[in-house]
Amino acid sequence: MSAPFAESAALRRVKPSATLAADAKARALRAAGRNVISLAAGEPDFDTPDNIKDAAIKAIRDGKTKYTDADGIPELKAAVCAKFERENGLAYKPSQINVSPGGKAVLYNAFVSTLSPGDEVVIPAPYWVSYPEMVLLCGGEPRIVPTSAKTGFKVEAAALEAAITPRTKWVLLNSPSNPSGAAYTRAELRAIADVLMRHEQVWVLTDDMYEHLVFGDFEFTTIAQVEPALYERTLTMNGVSKAYAMTGWRIGYAGGPEPLINAMRKVMSQTTSNPSSISQWAAVEALNGTQAFIKLNARLFEERRDLVVSMLNQARGMHCPTPEGAFYVYPSVEGLLGKTAPSGKVIQTDEDFCVELLEAEGVSVVFGAAFGLSPFFRISYATANSVLEDACARIQRFCGAVK
Ligand SMILES: Cc1ncc(COP(=O)(O)O)c(C=O)c1O
C-alpha cells in the first residue's frame with residue numbers, strides 16, 4: 001500500500017504559472033487542428049546571435065564541461081562587473097556577483113536566503129506572475145500594492161510608503177515591467193528612493209531584465225544608480241535571456257552586498273550547484289562581445305509596439321496605453337465588461353474576455369488578474385509583424401462582435 005501524494009505545506013501556498021498555462025493551452029488547441037495565435041509567451045522570437053553560439057561551441061570543444069564555482073566562473077563575474085560599470089555606473093567587485101541558472105533562479109535564491117516566516121515583500125501590481133509565488137514558497141508574505149493606468153502602472157511614493165511595515169524585508173521593483181511594459185524615469189525612481197531612505201530595514205530587489213528594451217529617447221536607470229546610499233541594501237538583478245535572445249541558456253546574474261551574495265552561494269552549493277558551464281561561457285561572449293544586436297532588437301520591438309498599440313486602440317471598447325519598454329502591452333477591457341460575447345456568455349472579468357477571445361478568434365493572451373491587476377490583459381508582441389497584424393485584426397473583429 002502506498003501513501004497518497006501530498007504537496008508540502010509551502011507548495012500548497014503556490015499557484016502554477018498562468019502564463020505558461022495559457023501558452024500550453026494554445027499549443028494543445030493548435031495540436032488539435034485549430035488555427036491559434038499565441039501572444040502569451042514572454043520570449044524573443046529571434047535566434048541567439050552567432051558569436052554567442054560560437055563561444056558555446058568553443059567551450060565544449062575546449063573541454064569547459066566540468067563543474068564550476070557554484071555561483072559562476074571568474075570570467076563571467078568579471079564580465080558582469082564590467083557590464084554594471086559600463087552601462088549602469090555601478091562598481092561591484094567579483095565577490096559581489098551572483099550568477100544563477102536564469103534570472104528566475106537569482107530571485108528565488110535571494111528570497112530563500114533572506115525570508116523568514118512572516119517577512120513581507122512589497123510588490124507593485126501588475127507584477128510578473130512569479131514574484132508573489134516565490135515569496136510564498138520561501139515562507140514570506142507578498143504585500144501587493146495596486147497601481148493604475150492613470151499612473152502608467154507605476155507605484156507612487158505615497159502608496160509605497162503606506163505598504164511598508166516593520167516586517168518589510170524587500171521592496172521589489174521591475175522596470176521595464178512584465179506585464180505592463182512601464183519603465184520608471186529617473187525622477188520617478190528618485191521619489192521611490194526618498195521613501196526607501198526613510199526605512200532603513202528595507203532592502204531593494206530591482207529586476208532589470210528588460211533594461212535594453214526601452215524605446216524612443218527613454219533613458220534606463222536603476223535605483224542604486226539614482227540613490228548611491230541604497231547600494232548597500234540593493235540587489236541589482238539582470239540576465240542575458242531577453243537582451244540576447246538566450247531564454248533557453250539559463251543565465252541570470254546580480255550584483256549586491258557581499259553577505260547576501262555569500263548566502264545565495266550557500267543555497268546554490270546545496271541545491272543546483274553551478275549554472276551550465278557552456279552557457280556561462282556563452283554569456284561571457286554576450287556581455288563582452290559586440291552589442292550591435294541589442295540596438296537592432298530594440299528597434300524592431302519598438303516598431304511592433306507601435307503597430308500593436310495602434311491596432312488595439314482601434315478595437316471597440318478597448319484602451320491600450322503606450323508603454324516605455326519590454327515587449328508587452330497591457331490594454332484595458334473595462335469598456336467590454338457587462339457585454340455579451342458571440343458565444344452568448346456575458347463578459348464579467350478579464351479572464352472571461354480572454355477565454356471568449358480564444359474561443360471565438362483563436363488568439364491566446366493572458367488575463368490581468370494573473371498579474372494582480374484587473375480589468376486588463378497582457379499581450380507579448382515578441383513575434384513577427386504579420387502574426388501581430390493578424391492577431392490584432394482578430395481582436396478588433398471580436399470586440400466588434402461583442403454586443
Ligand atoms: C520580469 C522578469 N524577470 C525575470 C524573468 C526570468 O528570466 P529568466 O528566463 O532568465 O529566468 C522574466 C522572464 O519572463 C521576467 O519577465
Side-chain angles (χ1 to χ4, degrees), residues 16-24 38-46 48 52 71-72 76 80 83 98-112 121 123-135 137 142 147 153-155 170-184 204-214 220 222-223 235-254 264 268 272 275-276 279-280 282-283 286-287 301 323-330 366 370-373 378-383:
S17 163
T19 49
L20 295 189
D23 203 44
S38 179
L39 304 180
E43 71 177 344
D45 54 320
F46 313 125
T48 306
I52 299 174
D71 62 351
L76 182 49
V80 169
K83 178 264 177 257
N98 171 272
V99 180
S100 288
K104 212 172 208 169
V106 173
L107 292 163
Y108 185 78
N109 289 333
F111 288 141
V112 85
V121 179
I123 306 174
Y127 46 72
W128 181 43
V129 289
S130 295
Y131 296 146
E133 308 307 320
M134 282 192 198
V135 170
L137 194 54
T147 66
F153 302 115
K154 296 178 216 177
V155 68
W170 290 100
V171 165
L172 224 166
L173 298 174
N174 172 216
S175 168
S177 150
N178 177 0
S180 71
Y184 288 81
V204 192
L205 209 172
T206 175
D207 177 343
D208 298 348
M209 208 67 186
Y210 295 91
E211 165 179 11
H212 293 295
L213 296 176
V214 290
F220 173 85
T222 190
I223 190 101
L235 186 68
T236 306
M237 173 260 183
N238 210 314
V240 296
S241 297
K242 317 283 172 168
Y244 303 94
M246 291 177 72
T247 45
W249 298 75
R250 311 310 303 136
I251 297 289
Y253 58 81
M264 291 167 69
M268 294 179 78
T272 55
S276 151
S279 297
Q280 289 190 67
L287 294 177
F301 278 126
E324 293 90 350
F327 41 65
Y328 306 104
V329 290
Y330 204 59
V366 186
F371 307 102
L373 196 75
R378 186 193 79 173
I379 281 184
S380 164
Y381 56 80
T383 190

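In this chain, residues are counted from 1 in sequence order. Both counts, for ligands and for their atoms, begin at 1 and track the order of listing. Model, not experiment: these values are computed from the prediction.
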Would K154 and Y184 count as having a side-chain donor-acceptor pair, cut-off 3.5 Å?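 No donor-acceptor contact under 3.5 Å links the two side chains.
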Answer yes if the side chains of T236 and N238 hold a donor-acceptor pair under 3.5 Å, and no otherwise.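 Result is no, nothing qualifies.
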List ligand 1 atoms under 4.0 Å from [X], heavy atoms only on the residue side.
X: G102; value: 10 (O), 11 (O)
X: K104; value: 6 (C), 8 (P), 11 (O)
X: Y131; value: 1 (C)
X: N174; value: 1 (C)
X: S241; value: 8 (P), 9 (O), 10 (O)
X: D207; value: 1 (C), 2 (C), 3 (N), 4 (C)

For [atom], what's the nearest protein heavy atom and its distance?
atom: atom 9 (O) of ligand 1; value: R250 NH1, 2.9 Å
atom: atom 14 (O) of ligand 1; value: K242 NZ, 2.7 Å
atom: atom 7 (O) of ligand 1; value: M209 CE, 3.4 Å
atom: atom 5 (C) of ligand 1; value: W128 CH2, 3.4 Å

Donor-acceptor contact present, side-chain K242 to main-chain A326, <3.5 Å: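 The answer is no, because no donor-acceptor pair under 3.5 Å joins these two groups.
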N174 side chain vs P176 backbone, donor-acceptor pair below 3.5 Å: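 Flag set: sc N174 to bb P176 pair under 3.5 Å.
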Is the closest heavy-atom distance from E43 to ligand 1 below 4.0 Å?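 Checking ligand 1 against E43, which is what was asked, there is no heavy-atom contact under 4.0 Å.
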Are side-chain heavy atoms of E211 and T222 found at a separation under 4.5 Å?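 The answer is no; the side chains never approach within 4.5 Å.
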Can you find a heavy atom in the side chain of I379 that is under 4.5 Å from one in the side chain of Y328?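 I379 does not reach Y328 side chain to side chain.
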According to the interplanar angle, ranging from 0 to 90°, do the rings of F301 and F327 count as parallel (below 30°), tilted (30 to 60°) or perpendicular (above 60°)?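 Tilted.
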Using side-chain contact (heavy atoms from CB on, under 4.5 Å) as the criterion, list what pairs up with A41, not counting sequence neighbours.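 A41 satisfies side-chain contact (heavy atoms from CB on, under 4.5 Å) with D23 only.
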Would G103 count as a polar contact of ligand 1, with the cut-off being nitrogen or oxygen pairs under 3.5 Å?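 In this structure, G103 places an N or O atom under 3.5 Å from an N or O of ligand 1.
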